[in-house]
Colleague: 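Please see the structure below; I have some questions.
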Amino acid sequence: MRESSIIARGAFVLCAMLAGTSCVDGQSAPPDVRATGETAATDVLADSTLDRMLREIQPAVERTSGMRAVAPLNVAVTDEARLRSYLEAQMGAQLSDEKAAALTSVYARLGLVPEDLDLKGLLKALLEEQVIGYYDPRSDTLFVHDRVPPDALAPVLAHELVHALQDQYVPLDSIVASFGERSDPVGAYQAAVEGHATYAMMEWQFAEMTGGEADLTAMPDMGPMLEGIDLTALGDFGSAEVLAGAPAVVREGLIFPYIGGLLFLQRSWTKLGDRPLPFRGDLPRSTEQILHVDRWIEGDSPTLVAFATDAGDLEVVRASDLGEFETRLFLREFLDDQARADAAAAGWDGDAYRLLRGADGEVLVWVSVWDTPEDAEEFAAAARDAYGVRYGAEPGRRPTVEVGPEHEALRTDGRTLVTIVDAPPGVSVSTRLTEVELSGN
């Protein structure tokens, strides 16, 4: 669930776990959203320890991030009340009540969250639990919460400094706006931006520990250690009660930009032998490219799937996409075999869904395109089994999962599609509502 652009504390947990030092939970407010209200700070520390620390680490962080500052940066401290006000403004700018309700309906229909979930309340609680520092691009200022102890400031500053440098190089907010209502490229963008900040922070910290330079591409692949790790179980890094109790699609979506983005950069930069910034011309366009770096390196962009007809008398509650990452999470939720779930999602090449509402209830139409017919068949078989578990205790509701090069009269180029229709018992859904057109790739 990526629409909120809220990132979990993973960077600082990973920093401590891998570098063997004491870090504090933290989270950057997304650099792509300008707050609508004023950002208040208790003091701009021009001559303070905080400001001196920023100046001391800035040259090293510039080296590890591959970016040099082109304009001055400011640092300030904020307190609990003012931080809460800022976060509420951020959430208000990103997630309306209507959008939160629509997202909840989609993920509830998929069986990933309870139908009565208070999404905005959950995200607000997560923010208040996790955030201790952020970068505000509107004022070009790094803000740090006044509860952060002095010996934990450096990694917070290093991570947020990278976001400040990123903001000087590219208009990150414009990039996100270009995606429209598509969710999957937002997830890829977040992984590129947060993964880069985490990567640069960790290299900086390793260099501080060893007294020399650090190169994560010279290390063994960190995937076996990090993929699947339960960050909420690491109690030495502050409270994670809200994060631990959140639905998996929320929890994993918050952690993915840190871990997925970090692994994406380590793997891609190791293969390339170079370090192209992952959020400029070579911005990853899908979570598939984050999960499989060869597809990013080879320029294998996703196919865009668009519904070809309007919904008629039905209300379109929400229309977007899931991407490989959330398709994987859906299968993982209901299949006992995680390896099977991941393999079944791995042939993804594009998808679109829309949740429709009428007098007879909600209908979810989800159409995906796959790399090969075999990939489509593998996903369809896994999806049928997942839905069997999803609705095992609910008589009569059995979504249809169909495979085939559908809609030959439309622009599908004979590609193999998987069309899923999840409708109330006894409700017939017109095939015209499942018609799609493909573009790109």
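Quick note: numbers below take in every heavy atom, side chains included, and nothing from hydrogens, waters or symmetry partners.
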Colleague: If you measure from CG on L322 to CZ on R182, what distance do you get to the nearest 0.5 Å?
Modeller: 13.5 Å
Colleague: Measure the shortest side-chain to side-chain distance between L161 and L165 over non-hydrogen atoms and say whether it is less than 4.5 angstrom.
Modeller: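 Contact flag for L161/L165 side chains = yes.
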Colleague: Rounded at 0.5 Å granularity, tell me how far CG in D300 sits from CZ in R295.
Modeller: 6.5 Å
Colleague: If you count heavy atoms of other groups shown closer than 6.0 angstrom to CZ of R384, is the number above 12?
Modeller: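 Counting neighbours around CZ of R384, more than 12 heavy atoms of other residues, nucleotides or ligands fall under 6.0 Å, so yes.
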Colleague: Whether the side chain of E62 engages the backbone of A69 through a donor-acceptor N/O pair (distance < 3.5 Å, no angle test) should be reported.
Modeller: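 The answer is yes, because a donor-acceptor pair under 3.5 Å joins these two groups.
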Colleague: Please check if the side chain of T217 supplies one atom and the backbone of T270 the other of a donor-acceptor pair under 3.5 Å.
Modeller: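 No, the answer is negative, given that no donor and acceptor are paired below the 3.5 Å cut-off.
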Colleague: May I ask you to check whether Y135 and Q166 show a side-chain donor-acceptor distance below 3.5 Å?
Modeller: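 Y135 vs Q166: no donor-acceptor pair found between side chains.
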Colleague: So, the side chain of H196 versus the backbone of S65: is there a donor-acceptor pair under 3.5 Å, distance only?
Modeller: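 The answer is yes, because a donor-acceptor pair under 3.5 Å joins these two groups.
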Colleague: Do you know the tightest heavy-atom contact between A344 and A382?
Modeller: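 Scanning both residues completely, I find the closest heavy atoms to be CB-CB, 3.6 Å.
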Colleague: Verify side chain to side chain contact (heavy atoms under 4.5 Å, CB included) between E333 and R328, making sure each step is shown before the conclusion.
Modeller: CA-CA 9 Å; E333 184 77 15; R328 171 194 285 192; over 6 Å; no
Colleague: Can you name the residues that form a side chain to side chain contact (heavy atoms under 4.5 Å, CB included) with E315, not counting sequence neighbours?
Modeller: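 Side chain to side chain contact (heavy atoms under 4.5 Å, CB included) list for E315, sorted by chain: V317, R357.
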Colleague: Ignoring hydrogens, what is the shortest heavy-atom contact between L142 and A164? Give both atom names and the distance.
Modeller: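 The pair with the smallest heavy-atom distance is CD1-CB, 3.9 Å.
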Colleague: Within the side chain of E288, is there an N or O that forms a donor-acceptor pair under 3.5 Å with the backbone of A346?
Modeller: no
Colleague: Spell out, as yes or no, whether a donor-acceptor pair under 3.5 Å connects the side chain of E160 to the backbone of V156.
Modeller: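 The answer is no, because no donor-acceptor pair under 3.5 Å joins these two groups.
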Colleague: Can you list the residues that meet the ring-ring contact (aromatic ring centres under 6.0 Å, His included) rule with W204, with sequence neighbours excluded?
Modeller: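 Testing W204 for ring-ring contact (aromatic ring centres under 6.0 Å, His included), a comparison that skips the adjacent residues, returns none.
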Colleague: Which heavy atom of A311 sits nearest a heavy atom of L356, and at what distance?
Modeller: CB-CD2, 3.9 Å
Colleague: Between L254 and V250, does a side chain to side chain contact (heavy atoms under 4.5 Å, CB included) hold up when you go through it step by step?
Modeller: CA-CA 6 Å; L254 299 179; V250 176; 4.1 Å; yes
Colleague: Please round to the nearest 0.5 Å and tell me the distance separating atom CG of D282 and atom CH2 of W296.
Modeller: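 These two atoms lie 5.5 Å from each other.
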Colleague: Surrounding CG of D336 (heavy atoms of other residues, nucleotides or ligands, distance under 6.0 Å), is the total greater than 12?
Modeller: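 At most 12 heavy atoms, drawn from other residues, nucleotides or ligands, come within 6.0 Å of this atom.
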Colleague: Between the side chain of R390 and the main-chain N/O of R109, is any donor-acceptor distance below 3.5 Å?
Modeller: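 A pair under 3.5 Å: yes.
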Colleague: Atom CG in D342, atom CZ in R332: separation rounded to 0.5 Å?
Modeller: 4.0 Å
Colleague: Contact between D167 and D140 at the side-chain level, heavy atoms closer than 4.5 Å - yes or no?
Modeller: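 Answer yes - side chains close enough.
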Colleague: Just wondering, do L157 and I57 contact through their side chains at under 4.5 Å, heavy atoms?
Modeller: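 Sidechains of L157 and I57: in contact.
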Colleague: Within the 3.5 Å criterion, strictly below it, is a donor on D321 or Y353 matched to an acceptor on the partner's side chain?
Modeller: no
Colleague: Going from NZ on K120 to CD on E88, what distance comes out if it is rounded to the nearest 0.5 angstrom?
Modeller: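 Here the rounded value is 9.5 Å.
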Colleague: Identify the heavy atoms of Q266 and L216 that sit nearest to each other, and give their distance.
Modeller: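 Taking Q266 first and L216 second, the nearest heavy atoms are NE2-O, 3.1 Å.
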Colleague: Mind listing the closest non-hydrogen atom pair of F206 and A214 along with its distance?
Modeller: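 Taking every non-hydrogen atom into account, CB-CB, 3.5 Å.
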Colleague: Is the side chain of E181 donor-acceptor paired with the backbone N or O of A319 at a distance under 3.5 Å, no angle test?
Modeller: no
Colleague: Please evaluate residues D385 and R340 with respect to the criterion side chain to side chain contact (heavy atoms under 4.5 Å, CB included), reporting the C-alpha separation (whole Å), side-chain torsions for both, the decisive distance (0.1 Å), and the verdict.
Modeller: CA-CA 11 Å; D385 289 346; R340 181 194 177 197; 2.9 Å; yes
Colleague: List for me each residue that meets ring-ring contact (aromatic ring centres under 6.0 Å, His included) alongside F379, sequence neighbours excluded, and say none if there are none.
Modeller: W366, W370
Colleague: Answer yes if the side chains of T303 and D349 hold a donor-acceptor pair under 3.5 Å, and no otherwise.
Modeller: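 Distance-only check passes for T303 and D349.
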Colleague: Is a side-chain N or O of E213 found less than 3.5 angstrom from the main chain of A207, in a donor-acceptor match?
Modeller: no
Colleague: Going by the angle between their ring planes, with limits at 30° and 60°, are Y199 and W269 parallel, tilted or perpendicular?
Modeller: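 Aromatic pair Y199/W269 classed perpendicular.
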Colleague: Provide the closest heavy-atom pair for L283 versus A192 in the form atom of the first, atom of the second, distance.
Modeller: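 For L283 versus A192, the nearest heavy atoms are CD1-CB, 4.2 Å.
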Colleague: For the backbone of T287 and the side chain of E324, can you confirm whether one donor and one acceptor N or O come within less than 3.5 Å of each other?
Modeller: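 Not a single qualifying donor-acceptor pair exists.
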Colleague: For E374, enumerate each residue passing the side chain to side chain contact (heavy atoms under 4.5 Å, CB included) test, keeping only those at least two apart in sequence or located in another chain.
Modeller: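 E374 satisfies side chain to side chain contact (heavy atoms under 4.5 Å, CB included) with T372 only.
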Colleague: Can you list the residues that meet the ring-ring contact (aromatic ring centres under 6.0 Å, His included) rule with F334, with sequence neighbours excluded?
Modeller: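 Here the qualifying residues are F330.
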Colleague: Below 4.5 Å, heavy atoms only, C-beta onward: do L355 and V316 meet side chain to side chain?
Modeller: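 Side-chain contact under 4.5 Å: no.
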Colleague: Would you say that R354 contacts R318 through its side chain, given a criterion of any heavy-atom pair below 4.5 Å between the two side chains?
Modeller: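 SC-SC contact between R354 and R318 ruled out.
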Colleague: Quick one: does D337's side chain have a donor or acceptor within less than 3.5 Å of a partner on A339's backbone?
Modeller: yes
Colleague: Hey, is R285 close enough to D184 for a salt bridge, meaning N to O under 4.0 Å?
Modeller: no
Colleague: Would you say that T104 contacts E115 through its side chain, given a criterion of any heavy-atom pair below 4.5 Å between the two side chains?
Modeller: no
Colleague: State, yes or no, whether a side-chain contact exists between L417 and L438 at a heavy-atom distance under 4.5 Å.
Modeller: yes
Colleague: If you round to the nearest 0.5 Å, how far is OG of S85 from CD of E80?
Modeller: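 OG of S85 is found 12.0 Å from CD of E80.
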Colleague: Applying side chain to side chain contact (heavy atoms under 4.5 Å, CB included) to W348 and H292, what does each step give before you reach the verdict?
Modeller: CA-CA 11 Å; W348 178 95; H292 312 283; over 6 Å; no
Colleague: Between F143 and Y134, how do the two ring planes meet: parallel, tilted or perpendicular, split at 30° and 60°?
Modeller: parallel
Colleague: Got L262 and M202 here, is their nearest side-chain heavy-atom distance under 4.5 Å?
Modeller: yes
Colleague: So, D422 versus Y387: side-chain donor-acceptor pair below 3.5 Å or not?
Modeller: no
Colleague: Taking only residues two or more places apart in sequence or in another chain, which ones pass salt bridge (charged side-chain N to carboxylate O under 4.0 Å, His left out) with R275?
Modeller: E203, D215
